[in-house]
Every structure is written in structure tokens, then in C-alpha cells.
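What you see is a predicted model; the values in this text were computed from it and never measured. In what follows, every heavy atom counts, from backbone to side chain, and hydrogens, waters and symmetry copies are set aside.
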Amino acid sequence: MPTDDDFRYMSRALELAERGLYTTTPNPRVGCVIVLDGEIVGEGWHERAGEPHAEANALRAAGYKAVGATAYVTLEPCSHFGRTPPCAGALIEAKLARVVVAMPDPNPLVAGKGLAALEAAGIEIECGVMENDALELNIGFVQRMTTGRPWIRLKVAASLDGKTALANGKSQWITGEEARADGHAWRARACAILTGIGTVKDDDPQLTVRDVETPRQPLRIVVDSRLETPDEARVLGDDTLIACAIDDAARIERLRARGAEVVVLPDPEGKVDLHALFKELGRRGINEVHIEAGYKLNGSLLRSALVDELLVYFAPRILGDTAHGMFNLPELTELDAAPELYVHEVTTIGGDIRVIARMKH
């Protein structure tokens, strides 16, 4: 059974793991703490893909004091050779006595093999300490490993009556500065930011992280079925992906000349195949996608059962029936047909309310 100390040291390991929130893609965020006789003798976290894992950094800091110690790791140590050597082997070679793990690794290349290797080496194993916290930190990685597609987070800024823009399209700004900065923090943790061609035409967004510090900018994605993105659109650049449904060589070449990559993914109706798009993003190692789009694309994503989480900021305003809503959905005649969610978190951000709700599917 885990002890109070196990929870305390795992909490510290999770704090370390969070330092890689913006940098580890496509790898998970992992932290490690090594403890000997009630004293932390080594700490480390995975800083970015291709560099040493959390366990290797903590072992280096601990040195000879790792012998007979306990390691606290937020994710099952890897057991395969990738761009770095397996961490399970490093822990075995360091002669640790015990390893406490927050959660198993869903990566099929690991998936229990790391724990099995440690146990076979005579190391005591404790798994499942603060598992939910570890899952939240790597929810996108877990999603990609288990389903092949990223975690889809859809952000909406709305009035209290659920309106996102006036009838004339004006929407800046419904929420306050604090809520907008918080939205940029969610952008920063994502691997990609996605919008639709309607938003590009109406708002000419940059789709960049600006209100918070970040060591990197996420990939920018535009769903543009008919390749209508203007050549001068601010979203275009070397880190932009345009998903379209027509193979127009001349138009594609013009967008590529602006630095964008174009993928052609048509569905039978001549629109972008959203399922295929997210599978492609998963194949590219994208763990979390942050969506800021209009009510039409929002509705398409919801109807396609592709939304995992809603991130909604409600401002204390009333915009009325003529304003645009959050989702373009067909008329419902039965309440049982409405998409079902559960409220994961409610927080006040400045003068606004942030609600995180997740789909029950």
C-alpha cells in the first residue's frame, strides 16, 4: 500500500513533469524524484523530445546515492530503445530498491514491459499513485496511443446566453483580458491550434500564443475545403497546415509558396474529412489540438463525435436571440438526442466563468 510519503514525493514528481508542458511533444510529460532515507537525492524531468528522459536526469543528479533508493516516476519507465536508451534498464543498473509509478504507459512499445522488467530484476513496484493527476497531464498522449488521434479541446468564448458573436459577426471582445490570457495558456500547451476558413476570412487570426510565455509555437491548422485562404492571410507561414477537399494544383502551389503545407482529405460530400484529418495529426505525433473556430465548424466537429472537451468562457453579458450561437446543429425534437457532457471543472477567471466539460463518450 502507498504511504503518505509516496503521495508527497509523487506530487513533487508531477510538478517536475509539468515543466515540460510546452516542450515534450510528441513524447509525454514525465517527472522523476529519487529518495534515499527520507531525503530527495535526485530530481529530473523530460525536457524535450530526443533529450534524456526524466529518469536519466534524476539518476545523473543522484549519482551513487541511487543505490537502494526509491524512484517516483509519473509514467511507467520505458523498456525499449528509441532516441534514448530504455529507462527501466537504467533504473535496474542503478540498483534501486523500489520504484513507485503513477500510471502505466499506454504506448504499445512499453505497456507493462517496463514494470515487468523492474519486477524481474527484484525491484519492488508500486503502481497507481496519483494516477488521475498523471493522466490529466498526459491526456493527449494517452488518447493518441489508445485511439490513434489527438485529444480535441474546443474553446469557446460566449455570453451568458451562449452567444459567440453579434449577428454582424463582431466578437472582439466578449470576455475580459484575464480570460483571453488563460485561453492563450491553453493554446500554448497544445501541439496544434485549429480553425476554419470562416474565421480566417472574418477575423484574419494569427493563431499564435501571445499573452503567455512559450518556448515554441504550436502548429497552425486551417480547415479550408475549397482552398479559399487568402494569400495575405496572417495564419500562413512555415508552421501552417491547410486541410482541403479539392486538388487544385495552382492554388496549392500558391499556398505552399507562402510556407504552408497542404493536405487533400475529401469526404463524400466534398468537405474535409475531419476523421481522416485527426488520424493524420495523430500519425504526426500531435497529442492535443486546441480549436478556436466558428459555430459552423464547431457544429461539424460535435456532430462527428470528434470533440473530447469543451473549454468555455462565459462572460456576464447578454447578446440576444439574433446573435450567433456556439454550435450549428440540426433541430432536435427529443432531449435524449442532445450530445451529453459532464462538467469537469468550473473556475472564475477575472470577471468571467471558465467551464471545462467533457463528452460522455
* **Chi angles and distances behind the side-chain contact (heavy atoms from CB on, under 4.5 Å) call for Ile246, Leu227** => CA-CA 7 Å; Ile246 59 172; Leu227 290 173; 3.9 Å; yes
* **Over 12 foreign heavy atoms within 6.0 Å of CZ, Arg216** => yes
* To do: Report the residues that fulfil side-chain hydrogen bond (donor to acceptor under 3.5 Å, both in side chains) with Gln206, sequence neighbours left out, ordered by chain and then residue number.
  => none
* Do Val156 and Leu329 sit in the same hydrophobic cluster, where Ile, Leu, Val, Met, Phe, Trp and Tyr count as joined when their side-chain heavy atoms come under 4.5 Å apart? -> yes
* Linking Ile, Leu, Val, Met, Phe, Trp and Tyr by side-chain heavy atoms under 4.5 Å, what else ends up with Val129? -> Phe7, Tyr9, Met10, Leu14, Leu16, Leu21, Tyr22, Val33, Val35, Ile40, Trp45, Tyr72, Val100, Met130, Leu137
* To do: Examine distances only and state if a side-chain atom of Thr199 and a backbone atom of Thr195 form a donor-acceptor pair shorter than 3.5 Å.
  => no
* Asked: Is there side-chain contact between Leu241 and Arg220, with at least one heavy-atom pair below 4.5 Å?
  -> no
* **Interatomic spacing from CD1 in Ile291 to CG in Leu194 - rounded to 0.5 Å** => 5.0 Å
* Do the non-hydrogen side-chain atoms of Glu55 and Leu91 ever get within less than 4.5 Å of each other? -> yes
* Tell me, do Glu345 and Arg354 make a side-chain contact under 4.5 Å, heavy atoms counted? -> yes
* **pair Asp6-Arg98: side-chain heavy atoms closer than 4.5 Å** => yes
* Asked: So how far is it from Asp105 CG to Leu75 CG, rounded to the nearest 0.5 Å?
  -> 4.0 Å
* Measure the shortest side-chain to side-chain distance between Glu131 and Pro104 over non-hydrogen atoms and say whether it is less than 4.5 angstrom. => yes
* To do: Not counting sequence neighbours, list each pair that qualifies as a side chain to side chain donor-acceptor pair (under 3.5 Å) and has a residue in residues 56-71.
  => Asn57-Arg60
* Structure fact -> Here the pair of heavy atoms bringing Ala66 nearest to Leu96 is O-CG, 3.6 Å
* Does Lys279 use its side chain to pair, donor to acceptor, with the backbone of Leu274 at less than 3.5 Å? -> no
* Kindly say whether Tyr313 contributes a backbone atom to a donor-acceptor pair with the side chain of Asp352 at under 3.5 angstrom? => no
* Decide whether Asp239 and Gln217 meet the rule of one side-chain donor and one side-chain acceptor closer than 3.5 Å. => no
* To do: Report yes or no: does Thr74 contribute a side-chain atom to a donor-acceptor pair with the main-chain N or O of Gly31 at less than 3.5 Å?
  => yes
* Decide yes or no for Pro106 and Phe141: does some side-chain heavy atom of the first lie under 4.5 Å from some side-chain heavy atom of the second? => yes
* Keeping the roles fixed (side chain from Thr164, backbone from Gly325), state whether a donor-acceptor pair exists under 3.5 Å. => yes
* Grab the two heavy atoms, one from Ile92 and one from Ala117, that are nearest each other, plus how far apart they are. => CD1-O, 3.6 Å
* Does Leu306 share a hydrophobic cluster with Leu265, counting links as ILVMFWY side-chain heavy atoms below 4.5 Å and allowing steps through other members? -> yes
* To the nearest 0.5 Å, how far apart are CD in Glu177 and CZ in Arg180? -> 5.5 Å
* Distance-minimising heavy-atom pair for Asp204 and Ala233 -> OD1-CA, 3.6 Å
* Side-chain heavy atoms under 4.5 angstrom apart, residues restricted to Ile, Leu, Val, Met, Phe, Trp, Tyr: same cluster for Phe314 and Val343? -> yes
* To do: Would you indicate whether Leu341, at its atom CG, is surrounded by more than 12 heavy atoms from other residues, nucleotides or ligands within a distance under 6.0 Å?
  => yes
* side-chain contact (heavy atoms from CB on, under 4.5 Å) between Cys78 and His53, worked out -> CA-CA 9 Å; Cys78 61; His53 289 186; 3.7 Å; yes
* Asked: Under 4.5 Å between any side-chain heavy atoms of Asn328 and Asn298, yes or no?
  -> no
* Pairing residues for Asp161 by the side-chain hydrogen bond (donor to acceptor under 3.5 Å, both in side chains) criterion, not counting sequence neighbours -> Ser159
* Structure fact -> With sequence neighbours left out, the residues meeting ring-ring contact (aromatic ring centres under 6.0 Å, His included) with Phe327 are none
* Value rounded to 0.5 Å, distance of CD1 in Ile193 from CG in Leu219 -> 9.0 Å
* Listed by chain and number, what are the side-chain hydrogen bond (donor to acceptor under 3.5 Å, both in side chains) partners of Glu15, not counting sequence neighbours? -> Arg12
* Asked: Is the side chain of Thr147 donor-acceptor paired with the backbone N or O of Arg144 at a distance under 3.5 Å, no angle test?
  -> no
* Asked: What closest approach, in Å, do Pro218 and Val209 show between heavy atoms, and which atom pair accounts for it?
  -> CD-CG2, 3.8 Å
* Sequence neighbours excluded, every pair satisfying salt bridge (Lys or Arg N to Asp or Glu O under 4.0 Å) that has a member inside residues 183-202 -> Arg187-Glu292, Arg189-Glu288, Lys201-Glu228
* Structure fact -> Residues passing the side-chain hydrogen bond (donor to acceptor under 3.5 Å, both in side chains) test with Glu309, sequence neighbours excluded, are Arg153, Arg358
* Step by step, would you call Ile174 with Leu319 a side-chain contact (heavy atoms from CB on, under 4.5 Å)? -> CA-CA 10 Å; Ile174 291 177; Leu319 300 188; 4.1 Å; yes
* Residues which pass ring-ring contact (aromatic ring centres under 6.0 Å, His included) with Tyr295, listed by chain and number, not counting sequence neighbours -> His324
* ILVMFWY cluster, Leu154 and Ile353 together (side-chain gap under 4.5 Å) -> yes
* Asked: Can you check whether Cys244's main-chain N or O pairs, donor with acceptor, with Asp224's side chain at less than 3.5 Å?
  -> no
* Decide whether Val289 and Ile139 are clustered together by the hydrophobic rule: side chain heavy atoms of Ile, Leu, Val, Met, Phe, Trp, Tyr closer than 4.5 Å, transitively. => no
* Asked: Do you know which two heavy atoms are closest between Lys113 and Pro108, and how far apart they sit?
  -> NZ-O, 3.1 Å
* To do: Test Val223 against Leu277 for side-chain contact (heavy atoms from CB on, under 4.5 Å), laying out the working first.
  => CA-CA 9 Å; Val223 176; Leu277 171 59; 4.0 Å; yes
* Glu119 side, atom CD; Ile125 side, atom CD1 - distance, nearest 0.5 Å -> 6.0 Å
* Under a 4.5 Å cut-off applied to non-hydrogen side-chain atoms, are Asp308 and Gln143 in contact? -> yes
* **Pairing residues for His290 by the ring-ring contact (aromatic ring centres under 6.0 Å, His included) criterion, not counting sequence neighbours** => none
* side chain to side chain donor-acceptor pair (under 3.5 Å): which pairs involve residues 261-277, sequence neighbours left out? -> Glu261-Arg284
* To do: Using salt bridge (charged side-chain N to carboxylate O under 4.0 Å, His left out) as the criterion, list what pairs up with Arg210, not counting sequence neighbours.
  => none
* Asked: Hey, are Asn138 and Arg29 close enough side-chain-wise for a donor-acceptor pair under 3.5 Å?
  -> no
* Exercise: identify the closest heavy-atom pair between Pro77 and Val110 -> O-CG1, 3.7 Å
* Using atom types as modelled and distance alone, determine if a side-chain donor or acceptor of Asp247 lies under 3.5 Å from a backbone N or O of Val264. => no
* Report the distance from atom CG of Leu281 to atom SG of Cys191, rounding to the nearest 0.5 Å. => 9.5 Å
